[in-house]
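Atoms within each ligand, like the ligands themselves, are counted from 1 in listed order.
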Amino acid sequence: MIARRVRELGTFCEILPYETRWDSLSQQPSAVILTGGPESVTVPGSPDVDPAVLQSGVPILGICYGMQLLAREFGGELVKLDRPEYGPAMLTVTESRSPFFASVPERSRVWMSHGDSVVRLPPGFAALASTERCKVAAMGDAQRRIYGVQFHPEVAHTEYGRAMLENFLRRIAALPPDWGMESFVETAIEDIRERVGGRRAICALSGGVDSAVAATLVAKAVGEQLTCVFVNHGLLRKNEVEEVVGAFHDVLHLDVRVVDARERFLHALAGAEDPERKRVIIGHEFIRVFEEAAADVPGVELLVQGTLYPDVIESKTPQSKAGHKIKSHHNVGGLPEEMRLELLEPLRSLFKDEVRRVGRVLGLPESIVGRQPFPGPGLAVRIIGEVTPERLRVVREADAIVRHEIDAAPLDPHPWQYFAVLTPVRSVGVMGDGRTYANLVAVRAITSEDGMTADWARLPADLLERISARIVNEVPGVNRVAYDITSKPPATVEWE
Ligand code: XMP
């Protein structure tokens, strides 16, 4: 979140593990931010930082744990609080002349989350702000341009957090706002041209934003040296293949080969009910189909992938510290090592919102850039149990109704993702004069920023009623509709 905020403010920023040695960096950073963390600096063996970073002379901002680390390393004193301070607090700026608090009112709301507190400032530092429970809520050494805040400026709950980060970047570190997607696109195109030279590249398009933006960027750089393959696995939403392929051909003028593999995927999925097994089958089948298509492109040496920065950070995180795997994400695009193609990942330094902005700079239509996230294994994860042509038809039709009705509704905020799930539950109903015994469809609509956490969308009752009535009337095989009112956690977004 800190990195995203910094980039939103127009300064490029990279996330590095705390063990990073200052002398191992190929380029000296213009400023350093030390982040928060759940550990306590008073416990031996807790994460610290290469002393060379602190002696480097570049401006430093320590946030929460980062500030405590600065306090300890520069000779201050910390104590453990009897009980941690967590949640909102009122900040009083006591040193309003500090550039860190320029344009920040004397009193404002901040978000706290800490168990240790600075009780004696290191030499050279001054206290800049306090809260009721935390005497040193901010400290700074203007001479050395080193600052620390006990609260979290990166979260929305800190009213003036953005202004404070901006003050650090502009007023303290004197960094110009020079990171933007226009300049990214220019540099990326040059880099791609140089990397690719006269060679041929191939890209698997999924219909999703990432692969579309990656392919368009490469196509802008090397034109016809790029071939795109779109595997139609038959698990996409209503009209999606036509829309996506149409956009690639007509709007983006990409060279796209569409492979109709619908039968093949259905056949491979026959009898599979377990969600993980379905994901694995789809992943494997996708790779096989893509390999065959790639074999038809003579002399291809490079594989374009829409890998994003969060994937890069995650893969660098030591296993022991990584989160538990909840579901495997078999994205179309995660391709086999046996193919021995050199990877070209032009988006690997970008966050998702930056990728969407790059897409807009490149002129991609809103239908692609603004697309809802959609799992690689497609509707297979929205059918609980076996995937059959009949069940695909039901979920596809129900999903089209959910999307159509929600798209047409004036909602604020507009839900982040919404879809239908076909459950294997059957129940009794009555339609016309007859008794029915048919399936239950669940409707899921969530608000979220990134899919990591989510809340169920408070859709108006009349909208829910329209969705329900239309599904039951228009989709044979469904006689009951339920609305999912669980947040994530404890539930996930997809039912699987
Ligand atoms: P869950 O169900 O894990 O989903 O709470 C979080 C977000 O990720 C999407 N999702 C996927 N996206 N490949 C993807 O690209 C996948 O395999 C996949 N599975 C889930 C999901 O739609 C939600 O937005």
Side-chain angles (χ1 to χ4, degrees), residues 203-215 230-231 233-237 240 244 265 269 272 274-287 290 305-315 322-335 345 347-348 350-353 355-356 359 368-384 387 395-396 398-399 402-403 406 413-423 442-457 484-496:
C203 179
L205 292 173
S206 65
V209 188
D210 310 342
S211 61
V213 173
F230 182 89
V231 177
H233 53 23
L235 305 169
L236 292 179
R237 290 167 286 188
E240 200 164 23
V244 167
F265 275 85
L269 282 166
D274 176 68
E276 275 301 310
R277 190 145 169 257
K278 288 194 288 187
R279 278 178 177 269
V280 169
I281 291 171
I282 293 165
H284 283 179
E285 206 56 31
F286 182 86
I287 287 165
F290 184 75
Q305 283 197 332
T307 315
L308 304 193
Y309 195 43
D311 309 325
V312 176
I313 304 168
E314 216 161 89
S315 63
H324 295 283
K325 178 169 125 180
I326 312 282
K327 293 170 190 174
S328 52
H329 276 212
H330 281 282
N331 275 348
V332 288
L335 290 166
E345 301 174 311
L347 312 178
R348 54 182 286 128
L350 301 186
F351 288 108
K352 188 86 179 185
D353 46 331
V355 172
R356 290 190 207 279
I368 291 185
V369 179
R371 253 170 66 109
Q372 289 185 36
F374 186 63
L379 295 176
V381 300
R382 295 183 180 166
I383 293 174
I384 311 305
V387 177
V395 79
R396 190 173 274 137
D399 181 71
V402 172
R403 284 192 293 137
I406 295 182
H414 203 74
W416 193 75
Q417 197 178 6
Y418 36 99
F419 52 87
V421 179
L422 176 61
T423 79
V443 174
R444 182 91 163 127
I446 54 151
T447 52
S448 175
E449 227 182 271
D450 50 13
M452 301 293 286
T453 60
D455 196 6
W456 59 278
D484 184 347
I485 53 167
T486 16
S487 59
K488 171 185 179 175
T492 50
V493 175
E494 304 290 346
W495 282 38
E496 310 255 339

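Relative ring orientation between Phe290 and Phe286 is described as parallel, the plane-to-plane angle staying below 30° on a 0-90° scale split at 30° and 60°.
Between the side chain of Thr447 and the main chain of Ala457, no donor-acceptor pair closer than 3.5 Å is present.
For the pair Gly376 and ligand 1, the shortest N or O to N or O distance falls below 3.5 Å. Note: no N/O pair closer than 3.5 Å links Glu496 and ligand 1 by distance alone.
Residue-level proximity to ligand 1 for Pro377 is carried by the side chain, the only part with a heavy atom below 4.0 angstrom.
Listed by atom number, the atoms of ligand 1 under 4.0 Å from Lys488 heavy atoms are 1 (P), 3 (O), 5 (O), 6 (C). Within the listing of ligand 1, atoms 24 (O) sit less than 4.0 angstrom from a heavy atom of Trp416. Contact atoms of ligand 1 toward Gly451: 6 (C) (distance under 4.0 Å to a heavy atom of the residue). Annotation for ligand 1: atoms under 4.0 Å from non-hydrogen atoms of Pro373 are 24 (O).
No heavy atom of Met452 sits closer than 4.0 Å to any atom of ligand 1. Distances shorter than 4.0 angstrom do not occur between any heavy atom of Trp495 and any atom of ligand 1.
Checked for salt-bridge contact, Asp210 and Lys352 meet the test: a charged N lies under 4.0 Å from a carboxylate O. The pair Glu496-Lys278 does not meet the salt-bridge criterion, since no charged nitrogen lies less than 4.0 angstrom from a carboxylate oxygen.
Separating the CG atom in Leu236 from the CZ atom in Phe230 is a distance of 5.0 Å, to the nearest 0.5 Å. Between atom CD of residue Glu285 and atom CD1 of residue Ile287 there is a gap of 10.0 Å, rounded to the nearest 0.5 Å. Expressed to the nearest 0.5 Å, how far CD of Glu494 lies from CZ of Phe374 amounts to 8.0 Å.
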